[in-house]
Novice: 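Dumping the structure here so I can ask a few things about it.
Just so it is clear: chains get the letters A, B, ... in the order the sequence lines come, proteins before strands, and each one is counted from 1.
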Amino acid sequence: MRLSQYFMPILRDDPKEAEIVSHRLMLRAGMIRQEAAGSYSWLPTGFRVLKKIEQIVREEQDRAGAIEVLMPTLQSADLWRKSGRYDDYGKEMLRIKDRQDRDMLFGPTNEEMITDIFRSGVQSYKDVPRNLYHIQWKFRDEVRPRFGVMRGREFLMKDAYSFDLTAEAGQHSYNKMFVAYLRTFARLGLKAVPMRADTGPIGGDSSHEFLILAETGESGVYFDKDFHDMDWSAFDIDYDDVAAVEKVVKTFTSKYSATDEKHDAVEFDMRVPKQKQLSGRGIEVGHIFFFGDKYSKPLGCEVQGADGKKVTLQSGSYGIGVSRLVGGIIEASHDKDGIIWPEAVSPFDVGLINIKAGDAEADAASDKIYNALKAKGVDVLYDDRNQPGGAKFAAMDLIGLPWQIIIGPRGLKEGIAEVKNRKTGARENVALDHIIGRFTKV
RNA sequence: CGGAGUGUAGCGCAGUCUGGUAGCGCACCUGCUUCGGGAGCAGGGGGUCGGAGGUUCGAAUCCUCUCACUCCGACCA
């Protein structure tokens with residue numbers, strides 16, 4: 001993409017309403033535009049990142065055996081009356097009437113609807129287990145939206161729902177999602193520590209939140225230093241191997257970790273040596289929950305068992321805040337000059353800076369590299385604008401692409417371009433002939 | 001929902017106290033010169049002063065109402 005033909009309204013100054021770094025950088029890099037409190041348009045660059053995150057989340061859900069569907073954003077109130085949540089949910093749920101004066105709502109979540117969908121599609125115990133998910137916009141009329149896309153009212157969420165015959169089988173479904181989340185966040189370049197969450201009336205070890213460590217997080221977190229030394233790589237695992245999946249979950253739940261809501265100072269001291277006790281702030285990016293028959297019972301989600309008797313299904317739900325992750329990743333990865341995208345979610349693979357646009361030689365060399373990279377399928381953002389070099393460097397650092405190729409008269413004289421790593425700042429001179437190979441290896 | 005605050009050009013702000021016909025920086029447009037870390041000179045364009053009502057000869061400025069947004073707290077992917 002030639003920057004001269006793109007739409008990326010970069011701001012030089014910080015917009016005053018943006019207090020936290022991710023919000024500030026997203027606005028400055030022209031990724032989003034606010035439309036109302038907690039409601040944002042996604043501009044081209046931001047949209048690219050959102051799509052990349054969404055795709056990684058999707059791939060890992062699929063890999064774990066979940067099946068993608070798509071449910072509407074507007075729901076009828078009827079199902080919510082059946083589950084009893086129409087009255088319980090409170091003002092956070094945006095309620096609307098249609099022209100027939102029917103009660104509708106903008107879905108804040110989809111337990112009721114998916115349970116009803118599943119109920120109407122299965123009859124036999126042979127039809128379970130299943131896990132259905134969708135990636136869809138949600139609306140929660142937050143009392144206080146803030147921090148840009150971190151706490152928006154409208155946000156993109158992946159929510160999955162598992163259905164099993166027994167609680168034991170349900171636990172395996174839960175564990176699979178647990179591992180899928182570890183894989184997903186690892187691929188996004190994040191360490192998202194699983195922490196015990198409130199299990200409500202159901203009890204048991206059946207709810208975890210995944211939190212990215214970041215100073216601007218909304219939750220206080222306490223955890224064992226050992227988490228830092230764990231194997232966070234994307235586990236290559238057979239999801240059907242119940243014991244293997246459980247083992248990974250056990251490994252990550254054996255160490256102490258809790259948000260301030262669940263933190264128990266006495267237990268912390270008992271289980272974690274003083275020198276290994278860490279605390280800080282975290283951003284919740286995922287939440288998994290096993291809730292048994294909480295929804296399947298009132299909604300009549302049951303199948304016929306092998307013995308001919310009806311069995312009410314056991315369910316769990318599993319959320320990832322996709323749009324929140326965009327902000328979360330920035331919170332976890334930036335410096336004074338701007339964003340530092342992990343390669344997996346960067347809006348472009350590489351930035352190409354023509355320092356002296358308008359100079360015939362520099363233009364020719366830059367165009368050639370741009371076209372060659374494009375032909376190889378490398379996603380390049382080519383700054384071909386007629387601007388002073390400094391402005392281009394600043395803009396490219398702000399946008400935060402992992403790699404920059406810098407073409408200028410000085411290097412051209414020697415037949416080289418400069419390749420800069422955004423994260424480390426390391427620069428190396430690469431012969432013009434080798435540039436293409438340098439970025440098409442992997 | 002309680003508390004605090006802000007709305008003036010795309011962004012950041014001054015002007016409001018003390019009413020007199022809207023200004024600065026950046027950005028933008030034109031030309032020339034520049035060009036390896038946010039260039040220089042010259043010229044130029046752009047604003048219902050959040051909205052409505054009122055006071056006044058005259059309102060960005062005073063009064064009333066209203067809307068929107070931000071921040072702090074209780075709640076949440």
Novice: Should A/E154 and A/K138 count as an ion pair when the cut-off is N to O under 4.0 Å?
Specialist: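 No salt bridge links A/E154 with A/K138.
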
Novice: Which parts of nucleotides 26-32 of chain B does protein reach within less than 4.0 Å, heavy atoms only, written one letter per nucleotide 5' to 3' as B for base, S for sugar-phosphate only and - for none?
Specialist: SSS----

Novice: Take atom P in B/G25 and the same atom in B/C62, then report the distance between them in whole Å.
Specialist: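 It comes out at 26 Å once rounded to the nearest Å.
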
Novice: Can you pull out every ring-ring contact (aromatic ring centres under 6.0 Å, His included) where at least one residue sits in residues 418-438 of chain A? Sequence neighbours excluded, please.
Specialist: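 The answer is none; no pair qualifies.
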
Novice: Looking at A/F252, A/W232, A/F210, which hits ring pair (Phe, Tyr, Trp, His ring centres under 6.0 Å) with A/Y181?
Specialist: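 Exactly one pass, corresponding to A/F210.
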
Novice: Can you list every side-chain hydrogen bond (donor to acceptor under 3.5 Å, both in side chains) pair that touches residues 344-359 of chain A, not counting sequence neighbours?
Specialist: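 Matches after skipping sequence neighbours: A/N354-A/D363.
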
Novice: Can you list everything that forms a side chain to side chain contact (heavy atoms under 4.5 Å, CB included) with A/A417? Sequence neighbours excluded, please.
Specialist: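 Counting only residues at least two positions away or on another chain, A/A417 forms a side chain to side chain contact (heavy atoms under 4.5 Å, CB included) with A/I405, A/I407, A/L432, A/I435.
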
Novice: Starting at the 5' end of RNA chain B and moving along, which residue's nearest nucleotide shows up first, A/E209 or A/A357?
Specialist: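 In this pair, the answer is A/A357.
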
Novice: Where the side chain of A/P15 is defined as all heavy atoms beyond and including C-beta, which of B/C75, B/C11, B/C35 is the nearest nucleotide?
Specialist: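 Closest nucleotide among those given: B/C11.
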
Novice: Under a 3.5 Å cut-off for both distances, is B/A74 Watson-Crick or wobble paired, and to whom?
Specialist: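 B/A74 is paired with nothing.
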
Novice: Could you list the residues that satisfy ring-ring contact (aromatic ring centres under 6.0 Å, His included) with A/Y318, not counting sequence neighbours?
Specialist: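 For A/Y318, no residue satisfies ring-ring contact (aromatic ring centres under 6.0 Å, His included) once neighbours in sequence are set aside.
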
Novice: Could you measure between the two C1' atoms, the one in B/G44 and the one in B/G5, and give it in whole Å?
Specialist: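 The same atom, C1', in both gives a distance of 38 Å.
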
Novice: Between A/D264 and A/R196, is there a side-chain N and carboxylate O pair less than 4.0 Å apart?
Specialist: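 So A/D264 does not pair with A/R196 through a salt bridge.
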
Novice: Find the distance A/Q404:CD to B/G37:P and express it as a whole number of Å.
Specialist: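 The distance from CD of A/Q404 to P of B/G37 comes to 14 Å, rounded to the nearest Å.
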
Novice: Using atom P of each nucleotide, how far apart are B/U16 and B/G50 to the nearest Å?
Specialist: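 Per the computed distance, 15 Å lies between those P atoms.
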
Novice: By ring-ring contact (aromatic ring centres under 6.0 Å, His included), which residues pair with A/F139, not counting sequence neighbours?
Specialist: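 ring-ring contact (aromatic ring centres under 6.0 Å, His included) list for A/F139, sorted by chain: A/F106.
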
Novice: Run the ring-ring contact (aromatic ring centres under 6.0 Å, His included) test against A/H263 and tell me which residues pass, sequence neighbours left out.
Specialist: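 Counting only residues at least two positions away or on another chain, A/H263 forms a ring-ring contact (aromatic ring centres under 6.0 Å, His included) with A/Y222, A/Y256, A/F268.
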
Novice: With sugar-phosphate meaning primed atoms plus P, OP1 and OP2, does A/G90 contact a base, only sugar-phosphate, or nothing at under 4.0 Å between heavy atoms?
Specialist: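 No contact.
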
Novice: Throw together a table of side-chain donor-acceptor distances under 3.5 angstrom for residues 10-17 of chain A, partners on residues two or more places apart or in other chains.
Specialist:
none

Novice: Could you go through residues 326-344 of chain A and list every donor-acceptor pair under 3.5 Å that involves a side-chain atom there, pairing it with any protein atom two or more places apart or in another chain?
Specialist:
residue : atom : partner : partner atom : Å
A/E331  : OE1  : A/T216  : OG1          : 2.3
A/E331  : OE2  : A/S22   : N            : 2.8
A/E331  : OE2  : A/S22   : OG           : 2.7
A/S333  : OG   : A/I340  : O            : 2.5
A/H334  : ND1  : A/I330  : O            : 2.8
A/H334  : ND1  : A/E331  : O            : 3.3
A/D335  : OD1  : A/D337  : N            : 2.9
A/D335  : OD1  : A/G338  : N            : 3.2
A/D335  : OD1  : A/R422  : NH2          : 2.8
A/D335  : OD2  : A/R422  : NH1          : 2.8
A/W341  : NE1  : A/I399  : O            : 3.0
A/E343  : OE2  : A/W403  : NE1          : 3.0

Novice: Please determine, for B/C65, whether a Watson-Crick or G-U wobble partner exists with both distances under 3.5 Å, and give it or none.
Specialist: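 When the pairing criteria are applied, B/G51 turns out to be the nucleotide that pairs with B/C65.
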
Novice: Would you mind reading off the distance between A/D141 atom CG and B/C1 atom P, rounded to a whole angstrom?
Specialist: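 Roughly 10 Å, once rounded to whole Å.
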
Novice: Which nucleotide wins on minimum distance to the side chain of A/F393, given the candidates B/C35, B/C11, B/G37?
Specialist: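 So the side chain of A/F393 is nearest to B/G37.
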
Novice: Can you tell me the pairing partner of B/G19 across any strand shown, Watson-Crick or G-U wobble, with both distances under 3.5 angstrom?
Specialist: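 Per the H-bond distance test, none.
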
Novice: Protein within reach of the bases, or only the backbone? For nucleotides 67-73 of chain B, mark each nucleotide 5' to 3' as B, S or -, using heavy atoms under 4.0 Å.
Specialist: --SSBBB

Novice: Report which part of the nucleic acid A/R427 touches: base, sugar-phosphate, or nothing (heavy-atom distance under 4.0 Å, all strands).
Specialist: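 A/R427: base contact, heavy atoms under 4.0 Å.
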
Novice: Only pairs at least two apart or in different chains count here, so list each ring-ring contact (aromatic ring centres under 6.0 Å, His included) that has a residue in residues 381-402 of chain A.
Specialist: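 Residue pairs passing ring-ring contact (aromatic ring centres under 6.0 Å, His included), neighbours aside: A/Y370-A/Y382.
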
Novice: Salt bridge check, A/D379 against A/R48: does any charged N sit closer than 4.0 Å to a carboxylate O?
Specialist: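 Between A/D379 and A/R48 there is a salt bridge, with a charged N closer than 4.0 Å to a carboxylate O.
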
Novice: With rounding to whole Å, what would you report as the distance between B/C69 and B/G38 at their C1' atoms?
Specialist: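 Comparing C1' positions in B/C69 and B/G38 gives a spacing of 29 Å.
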
Novice: Please determine, for B/A39, whether a Watson-Crick or G-U wobble partner exists with both distances under 3.5 Å, and give it or none.
Specialist: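 Answer to the pairing question: B/U33, which forms a Watson-Crick or G-U pair with B/A39.
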
Novice: B/C35, B/C11, B/A77: which one has an atom nearest the side-chain heavy atoms of A/H287?
Specialist: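 My answer, after comparing the listed nucleotides, is B/A77.
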
Novice: Describe the nucleic acid contact of A/L156 in one word from base, sugar-phosphate, nothing, applying a heavy-atom distance below 4.0 Å.
Specialist: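 Nothing: the residue A/L156, judged by heavy atoms under 4.0 Å, touches no strand.
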
Novice: Starting at atom CG of A/D88, determine the distance to atom C1' of B/C75, rounded to an integer number of angstrom.
Specialist: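 One finds 15 Å between C1' of B/C75 and CG of A/D88, rounded.
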
Novice: Between the base of B/G37 and the side chain of A/R410, is there a donor-acceptor distance below 3.5 Å?
Specialist: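 Donor-acceptor pair under 3.5 Å: no.
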
Novice: Using whole Å, report how far CG of A/D14 lies from C1' of B/C11.
Specialist: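 Rounded to whole Å, this separation is 10 Å.
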
Novice: Please give the distance between the P atoms of B/G47 and B/A60 as a whole number of Å.
Specialist: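 Straight-line distance between the two P atoms is 16 Å.
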
Novice: Using atom CD of A/E92 as one end and atom C1' of B/C1 as the other, report the distance to the nearest whole Å.
Specialist: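 Result: 13 Å.
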
Novice: Taking atom P of B/C11 as reference, at what distance in whole Å does atom CG of A/L398 sit?
Specialist: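 After rounding, the reported distance stands at 17 Å.
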
Novice: Quick one: A/E361 CD to B/C35 C1', roughly how many Å, whole number?
Specialist: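 Taking CD of A/E361 and C1' of B/C35, I get 15 Å after rounding.
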
Novice: Considering every strand and a 4.0 Å limit on heavy-atom distances, what is the contact class for A/D359: base, sugar-phosphate, or nothing?
Specialist: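 No contact.
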
Novice: Using the C1' atoms only, state how far B/U33 lies from B/G20, rounded to an integer number of Å.
Specialist: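 My reading of the C1' atoms in B/G20 and B/U33 gives 44 Å.
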
Novice: Run the salt-bridge test on A/E112 and A/R85 with the 4.0 Å N-O cut-off and return the result as yes or no.
Specialist: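 Yes, this pair counts.
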
Novice: Provide the distance between the two P atoms, one in B/A14 and one in B/U6, to the nearest whole Å.
Specialist: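 The answer is 10 Å between these two P atoms.
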
Novice: Which sits closer to the 5' end of RNA chain B, A/R385 or A/K356, going by the nucleotide each is nearest to?
Specialist: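 Mapping each residue to its closest nucleotide by heavy atoms, the 5'-most match is A/K356.
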
Novice: Looking across every strand, which nucleic acid part, if any, lies under 4.0 Å from A/K91 by heavy atom: base, sugar-phosphate, or nothing?
Specialist: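 Counting heavy atoms under 4.0 Å across all strands, the contact made by A/K91 is with sugar-phosphate only.
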
Novice: Donor-acceptor pair under 3.5 Å: do we get one between A/D397's side chain and the base of B/G37?
Specialist: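 It does, because a donor-acceptor pair links the side chain of A/D397 to the base of B/G37 below 3.5 Å.
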
Novice: When you measure from every atom of RNA chain B, which of residues 318-347 of chain A have a heavy atom less than 4.0 Å away?
Specialist: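 Output list: A/I320, A/G321, A/R324.
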
